[in-house]
Amino acid sequence: MLKEGQLTAGDIALKLDVSPAALSYHLKLLKNAGLVMYATVRG
């Protein structure tokens with residue numbers, strides 16, 4: 001997935017076949033560990 005560039009949380013959830021809640025939980029853990037970066041995009 002990393003080769004595809006930036007992905008939305010929804011795209012990641014679909015590719016990994018996980019619920020949005022599970023993805024949110026794990027992304028929060030990764031963010032707190034400094035392993036992922038994210039940006040909020042509105043529009």
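Just so it is clear, the values below take in all heavy atoms, side chains as well, and ignore hydrogens, waters and symmetry mates.
There is a path of hydrophobic side-chain contacts, each under 4.5 Å, that joins Leu16 to Leu7. No single ILVMFWY cluster, assembled from side-chain heavy atoms under 4.5 Å apart, contains both Ile12 and Leu14.
Note: Leu35 CG to Lys31 NZ = 12.0 Å, rounded to the nearest 0.5 Å.
Minimum interatomic distance between Ala9 and Leu23 (heavy atoms only, all atoms of both residues): O-CD2, 2.9 Å.
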